[in-house]
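Remarks on the structure that follows.
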Protein chains: 2
Amino acid sequence: MTRRRSATLRDVATSAGVSRTTASYILNGRADEMRISSSTVAKVQAAVADLGYRPNRSARSLRTQRTATVGLISDQIAGEQYGSSMLTGASLAARELDHLVVMGESGGDPDLERLLIEEMLERDVDGVVYATRTARAVRLPLGLRGVRSVLLNCEAPAERLASVVPDDEGGGRAAAAVLLAAGVQDVVVVGQDPTLEATAGPRRMAGIRAELATRGIEVAHHVACDWSVPEGFEATRRWLAGGGRAAGLICMNDRLAMGAYQALAEAGLSVPEDVSVVSFDGSSLADWLRPAVTSVELPFAELGALAVRRLLDPDDRGGVVSVPMAVRHGGSVRR
Amino acid sequence: MTRRRSATLRDVATSAGVSRTTASYILNGRADEMRISSSTVAKVQAAVADLGYRPNRSARSLRTQRTATVGLISDQIAGEQYGSSMLTGASLAARELDHLVVMGESGGDPDLERLLIEEMLERDVDGVVYATRTARAVRLPLGLRGVRSVLLNCEAPAERLASVVPDDEGGGRAAAAVLLAAGVQDVVVVGQDPTLEATAGPRRMAGIRAELATRGIEVAHHVACDWSVPEGFEATRRWLAGGGRAAGLICMNDRLAMGAYQALAEAGLSVPEDVSVVSFDGSSLADWLRPAVTSVELPFAELGALAVRRLLDPDDRGGVVSVPMAVRHGGSVRR
DNA sequence: ACCACATGCTGAATCGTGTCAGCAGAATGC
DNA sequence: GCATTCTGCTGACACGATTCAGCATGTGGT
């Protein structure tokens with residue numbers, strides 16, 4: 001950091017011929033309140049521009065206890081395929097509110113998580129966003145008790161905290177609605193949540209059921225498997241081999257859709273002529289498949305941005321906010 | 001941040017019955033140097049533990065001009081498919097060196113980039129990692145002149161800066177070597193860099209040529225297209241339709257491999273029986289294809305970690321460091 | 001002529017730490 | 001026995017900002 005020592009407030013004050021106090025008031029927008037004449041204001045502003053003055057944040061933080069910095073702590077989202085857009089959203093929203101994001105990835109290790117939280121609090125972050133890769137129920141880490149924080153992509157049902165999650169139930173309804181609109185009458189769902197805490201699966205399922213129920217239809221079959229490409233392939237293949245057929249397939253994510261595509265192709269079934277497919281995520285993977293999968297988008301960037309905005313909004317009343325999931329149309333649904 | 005005001009150094013000193021100075025020396029590991037008796041050290045340490053003392057970083061930074069914080073500024077890596085692991089690597093390496101990462105994503109907008117750099121410097125980061133999504137030549141932003149910094153996944157040839165990049169040429173040799181070992185004699189390359197600044201393509205190409213040359217072989221054909229799934233599909237299809245055939249295909253990344261797979265399947269050619277395929281990236285996409293593609297891995301996490309380590313290593317002499325790319329074997333090469 | 005009040009600014013304390021210079025007292029050298 | 005060195009600590013200033021309390025000066029009312 002060999003950088004010319006930058007100008008301080010004292011330099012500005014001297015150069016403008018006023019006291020540090022006056023310069024400080026002007027720079028903090030309290031000129032009117034303090035009845036400072038416009039000519040003085042102009043002199044100070046000229047000095048600021050002239051010297052290229054930039055306030056020293058450490059000094060300011062020492063006085064004000066605020067750092068214009070937010071912490072973002074996550075289990076896996078930084079190195080994750082799609083979820084990492086949450087970081088982009090958070091970073092941009094922070095920037096708009098004149099903050100920067102301090103990032104820490106715990107890899108799911110509670111000790112590392114505790115350490116990272118400690119480090120962030122030592123640095124006086126103005127708040128912490130606690131994010132998870134998969135939507136699920138969590139308990140707020142002890143280190144964050146009493147700290148201003150917002151949960152991102154997760155909820156702590158017991159604790160009535162501010163939390164931002166995708167509207168998976170609405171997404172489920174939208175997915176089913178796409179198939180219904182295409183005249184599909186028998187719907188099979190591929191993918192089942194592996195863990196108890198995960199919320200995405202059950203909610204999407206509830207949405208699907210609710211939407212189908214409006215036409216008096218039930219889910220024809222549920223192909224149970226983890227949410228990965230090979231599992232999707234194997235499970236779908238087994239189901240097809242057992243004589244399973246359906247006009248509509250809803251895959252719990254795009255990777256499952258990829259696996260299902262592979263199994264369908266192997267069985268000589270084509271999309272969308274023989275089977276219409278809808279999935280969740282709206283990842284680029286959905287676009288890469290042929291035909292592109294119609295997918296209900298996880299609004300990751302928006303989730304990240306909203307979490308930061310709520311964190312920095314002093315009027316936020318807490319509670320869970322669900323962000324709608326939009327349908328991104330591909331060519332995987334018969335028309 | 002409603003958190004009980006934590007203990008200060010003064011509290012520790014009072015509680016231990018020594019001066020602030022003494023306590024400070026002990027906490028900074030200068031007890032021996034300052035010839036402080038072990039009994040005094042013990043008293044202070046007890047007080048620290050007792051009060052749960054944590055130093056105030058803002059105050060310390062104000063004095064020392066160091067924040068135990070590094071900036072990471074990037075164009076697109078936060079929301080990127082594979083590159084975001086660079087963030088994970090950087091975050092972990094920083095943590096190991098008792099630092100935190102302040103992140104900023106510019107989206108390629110030079111104005112935003114300048115703003116982010118300004119904000120980071122105001123916050124006195126101990127250095128800045130400047131990262132790009134795709135390996136390429138860059139010019140160091142003006143705001144980073146004179147600032148301790150390391151380039152990540154990019155180089156500034158004119159400026160002799162510390163820089164960490166993948167060894168694309170070595171990767172190219174490795175890719176070709178895999179095919180040669182499988183007895184492949186005619187190799188076609190898919191994918192051509194779209195921009196002048198991009199370094200990955202030319203270097204991989206050079207490596208491929210060099211390795212093939214050891215057997216007196218030349219690249220049989222170069223299928224020119226951008227590095228995306230649909231481009232890979234279309235370009236490969238056109239090439240096949242024009243009668244193109246080869247025993248070995250090297251795709252410049254995994255997305256191109258996916259596109260090539262689609263075209264090969266459409267042409268009734270199977271992998272690896274008819275065509276052996278090798279690609280670059282080592283992304284999860286490579287695993288998802290059937291058969292999984294043998295792919296030369298981009299060591300993103302390692303790149304990110306190394307960039308941070310070099311940034312914080314006062315003895316680092318600058319210059320470009322290339323990180324080797326390992327081959328991740330799938331089932332896409334005939335044996 | 002005197003008080004009250006508004007106007008436009010400033011002095012000085014404060015946030016919590018790091019570190020230079022120095023100061024007693026004990027030990028050592030000759 | 002006195003100068004010197006070592007031991008073990010402390011006082012005070014600095015870092016760069018924010019902010020409370022107060023101080024001249026002008027202005028209007030009676």
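Heavy atoms only: backbone and side chains are in, while hydrogens, waters and symmetry mates are out. Order of the sequence lines sets the chain letters (A, B, ...), proteins ahead of strands, with each chain counted from 1. Predicted model only: the values in this text are computed from it and were never measured.
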Rounded to the nearest Å, what distance is computed from the [atom1] atom of residue [X] to the [atom2] atom of nucleotide [N]?
X      : N      : atom1 : atom2 : result
B/D124 : D/dA17 : CG    : P     : 11 Å
B/R54  : C/dC15 : CZ    : P     : 22 Å
B/N56  : C/dT17 : CG    : C1'   : 8 Å
A/D11  : D/dC15 : CG    : C1'   : 13 Å
A/R10  : C/dT10 : CZ    : C1'   : 14 Å
B/Y53  : C/dG16 : OH    : C1'   : 7 Å
A/L62  : D/dA17 : CG    : P     : 12 Å
B/I26  : C/dG18 : CD1   : P     : 13 Å

Between [Y] and [X], does any NZ, NE, NH1 or NH2 come within less than 4.0 Å of an OD or OE carboxylate oxygen?
X      : Y      : answer
A/E197 : A/R139 : no
A/R114 : A/D111 : yes
A/R310 : A/D316 : yes
A/R95  : A/D98  : yes
B/E155 : B/R136 : no

inquiry  = Please classify the nucleic acid contact of A/T22 as base, sugar-phosphate, or nothing, using heavy-atom distances under 4.0 Å.
reply    =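 Base contact.
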inquiry  = Any base atoms under 4.0 Å from A/T21, or only sugar-phosphate, or nothing? Heavy atoms, all strands.
reply    =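 Touches a base.
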Any side-chain to backbone donor/acceptor pair from [X] onto [Y]? Under 3.5 Å, distance only.
X      : Y      : result
A/T64  : A/R60  : yes
B/R148 : B/L311 : yes
A/S106 : A/S74  : yes
B/E159 : B/L140 : yes

inquiry  = Using heavy-atom distances to pick each residue's nearest nucleotide on DNA chain C, tell me which of B/N28 and A/A59 is more 5'.
reply    =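 It is A/A59, whose closest nucleotide lies nearer the 5' terminus.
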message = List the residues meeting side-chain contact (heavy atoms from CB on, under 4.5 Å) with A/A135, not counting sequence neighbours, and say none if there are none.
response =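 Checked A/A135 against side-chain contact (heavy atoms from CB on, under 4.5 Å); matches are A/N153, A/D168, A/T199, A/A200.
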Does [X] make a side-chain donor-acceptor contact with the base of [N], cut-off 3.5 Å?
X     : N      : result
A/S24 : D/dT18 : no
B/S19 : D/dG11 : no
A/S61 : D/dA17 : no
A/S58 : D/dG16 : no

So which nucleotide from [options] ends up closest to the side chain of [X]?
X     : options                : result
A/Y25 : C/dA13, D/dA21, C/dG18 : D/dA21
B/T8  : D/dA17, C/dT10, C/dG16 : C/dG16
B/R20 : C/dC20, C/dT17, D/dT18 : C/dT17
A/R63 : D/dT10, D/dA21, C/dT14 : C/dT14
A/V18 : C/dT10, C/dT17, D/dT10 : C/dT10

Five-pair end axes of the helix from C/dA1-D/dT30 to C/dC30-D/dG1 and the angle they enclose, rounded to 10° =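 One end's axis against the other's: 60°.
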request  = Under 4.0 Å from any atom of DNA chain D, heavy atoms only: list the residues of residues 29-42 of chain A that qualify, in numerical order.
outcome  =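 Only A/R30 qualify.
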